[in-house]
Amino acid sequence: MAKSLFDFFPPPDYLLMPAVGLDISDRSIKFFELKRKNGGFSVSKFGSRNLPPGIVESGEIKQKEKFVDFLKSIKDELGVKFVNVSLPEERAFLSRVKIPTAKEEELRGILEFQLEEHIPLSAQDAVFDFEVVEKEDAGKKSEFLNVNIVAFPKALVENYKDAFTEAGFVPLVFEMEAYASARVIMPEEEKNFCFIVDMGKTRTTFAIVGERTMQFASTIKIGGDNFDTVLVKNLDISQLKAEEIKKERGLVRSKDNEKIFNFLLPTAAAVKDEISRHIIFWNSHMEGSDAEKTISKIILCGGEANLKGLPEYLSHELKLPVEPSNPWVNLISFEKEIPELGIEESLGYAVAMGLSYRSFYKKK
Amino acid sequence: MINLLPIENKILVKKEYLKRLVLVFGFFSLITAAIAVLLLVFLLFLVDKEKNDYEEYFTLQQKHLSFLNEEEVVSFVNEINSKVKFFEENGKKEKKASEIIKIITETKTKGILINYFSLSVGLPAQAGKISFNGTAKTRNELLSFVESLKKEQVFKKVDSPISNFLKESNVKFNVSIDLYEE
């Protein structure tokens with residue numbers, strides 16, 4: 001791959017303004033910071049703090065003062081100023097828009113004008129950004145541009161911005177979780193289209209990534225907690241015990257584990273059905289000339305992706321290769337360095353890692 | 001890359017970046033200027049040292065020249081001049097001697113055989129003298145040779161003793177010629 005001048009003379013960190021990646025969910029705030037080391041990266045700091053219930057619900061800050069206090073405690077602990085923050089996936093709107101070719105500086109105005117046609121928010125009530133995905137009729141002078149628009153309700157974004165500013169942070173980036181996680185788990189040399197399943201405690205995000213960009217993203221309100229709840233109800237045990245059993249036994253189909261397997265199966269099947277629905281929809285639109293854009297594999301990430309037997313179950317049911325992600329694939333070569341954060345644990349940090357990596361990332 | 005930060009915050013971030021860019025640029029410019037100044041100072045020091053070395057050298061040379069006495073220089077030059085003059089004059093004398101011999105040999109007839117020349121040239125202010133001896137076939141041939149020599153303007157005086165004419169034939173003779181002063 002051709003190297004640029006900046007590969008030989010990288011700009012100083014002072015100019016790059018490296019930021020800590022903060023992954024905010026309803027249950028926790030995960031932080032992760034990368035630092036440059038010998039031409040590669042190493043982990044500077046990482047961690048997770050459980051967020052008391054009720055402060056953030058479905059991605060929305062419900063108790064702002066408590067949230068700010070929580071952020072302040074993290075800031076004191078980290079001693080950093082700049083942060084890249086994830087915005088809740090379930091409140092995001094991602095849309096692919098085809099517009100006539102225009103100058104780059106005119107694109108925002110054009111999209112703002114027709115925003116309501118593509119997402120259920122008016123331009124005044126939304127904070128949006130976009131990226132040009134591809135030009136139609138590649139090679140010829142194209143008449144149309146394919147543009148990804150990501151939008152969030154303005155009130156939600158302002159709320160996040162105010163909270164972080166009050167806590168003393170300077171947010172540099174607000175980004176959709178799927179974009180952040182894809183940055184680290186999609187190998188940079190990957191040519192095929194992949195279906196990413198990011199399973200958290202309360203929600204699961206699906207994303208289709210190909211040609212080094214986000215093609216589609218969607219979130220369902222099923223997550224690791226649903227497995228726990230099923231076990232709590234059926235086995236009459238505590239949430240903690242249910243969590244323990246889930247991690248220990250998982251979704252493994254065996255005589256010893258038949259009972260647990262049957263309890264967890266409906267939740268796993270619901271996730272599988274959603275994945276199947278999206279893949280069928282996507283692939284059906286990619287037949288013919290775009291056949292190479294069909295989904296070639298499923299990549300699992302997120303803190304709940306470690307569920308034993310889940311990859312095998314999904315692979316068996318969806319007839320596609322399913323593999324756990326490696327969030328270090330673009331960051332650290334294990335031949336050179338073993339990161340402090342193990343592969344399994346790092347699955348839960350993919351978003352925070354992607355956010356931190358953004359400070360150094362150059363889109364090719 | 002997509003960034004959902006509100007526009008006003010993006011502007012603040014951009015300003016912060018530009019501020020840092022200016023600072024970094026300024027810092028590197030300052031460092032470059034400082035290095036350039038240091039190099040210039042170093043070069044100036046080197047040039048100054050070189051200049052001082054040359055000045056010292058010139059001073060030493062001047063002192064060395066002043067050590068040479070003026071009289072010594074004059075006598076040295078005179079000595080050189082006298083040597084040059086000597087070689088010039090010797091060259092002239094050699095030329096004169098050869099011209100005299102040439103006149104004598106051109107004046108003599110076939111019957112006259114000269115065996116020996118003796119040239120004595122004194123200091124520049126004194127006259128020179130040339131003597132030669134030989135054998136003449138006849139007295140008359142010798143007589144006419146001597147008369148011819150006496151007619152030559154370049155000779156001051158041609159002296160042929162009487163004893164040269166005692167024999168009729170196969171006459172051994174000895175002639176001396178006084179030359180004009182320079």
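Here is how names work: the chains are called A, B, and so on, in the same order as the sequence lines, proteins then strands, and each is numbered from 1.
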Would you find a donor on one side and an acceptor on the other, under 3.5 Å apart, between the side chain of Asn9(B) and the backbone of Leu172(A)?
no
With chain B, which of Met176(A), Lys154(A), Arg358(A) has the greatest number of heavy-atom pairs at distances under 4.5 Å?
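Result: the option with the highest number of such pairs is Arg358(A).
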To check you understand the geometry: which heavy-atom pair defines the closest contact between [X] and [Y], and what is its length?
{"X": "Val24(B)", "Y": "Leu15(A)", "answer": "CG2-CG, 3.9 Å"}
{"X": "Arg20(B)", "Y": "Tyr14(A)", "answer": "NH1-O, 2.7 Å"}
{"X": "Lys10(B)", "Y": "Asp129(A)", "answer": "NZ-OD2, 3.2 Å"}

Heavy-atom contact with chain B under 4.5 Å, split by part of Phe82(A):
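The answer is the side chain of Phe82(A).
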More than 12 heavy atoms from other groups under 6.0 Å of [atom1] on [X]:
{"X": "Lys64(A)", "atom1": "NZ", "value": "yes"}
{"X": "Lys137(B)", "atom1": "NZ", "value": "no"}
{"X": "Glu117(A)", "atom1": "CD", "value": "yes"}

What is the distance from atom CD of Glu8(B) to atom CD of Glu158(A), rounded to the nearest 0.5 Å?
5.5 Å
How long is the span from the CG atom in Leu4(B) to the OH atom in Tyr179(A), to the nearest 0.5 Å?
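Separation between the atoms: 9.0 Å.
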With side chains defined as the heavy atoms from C-beta onward, is the minimum distance between [X] and [Y] less than 4.5 Å?
{"X": "Met1(B)", "Y": "Tyr361(A)", "result": "yes"}
{"X": "Ile2(B)", "Y": "Met214(A)", "result": "no"}
{"X": "Arg108(A)", "Y": "Ile7(B)", "result": "yes"}

Is it the side chain or the backbone of Leu12(B) that comes within 4.5 Å of chain A heavy atoms, both, or neither?
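For Leu12(B), no heavy atom lies under 4.5 Å from chain A.
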Among Leu23(B), Leu5(B), Val13(B), which residue has the highest count of heavy-atom pairs closer than 4.5 Å to chain A?
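Top option by heavy-atom pairs under 4.5 Å: Leu5(B).
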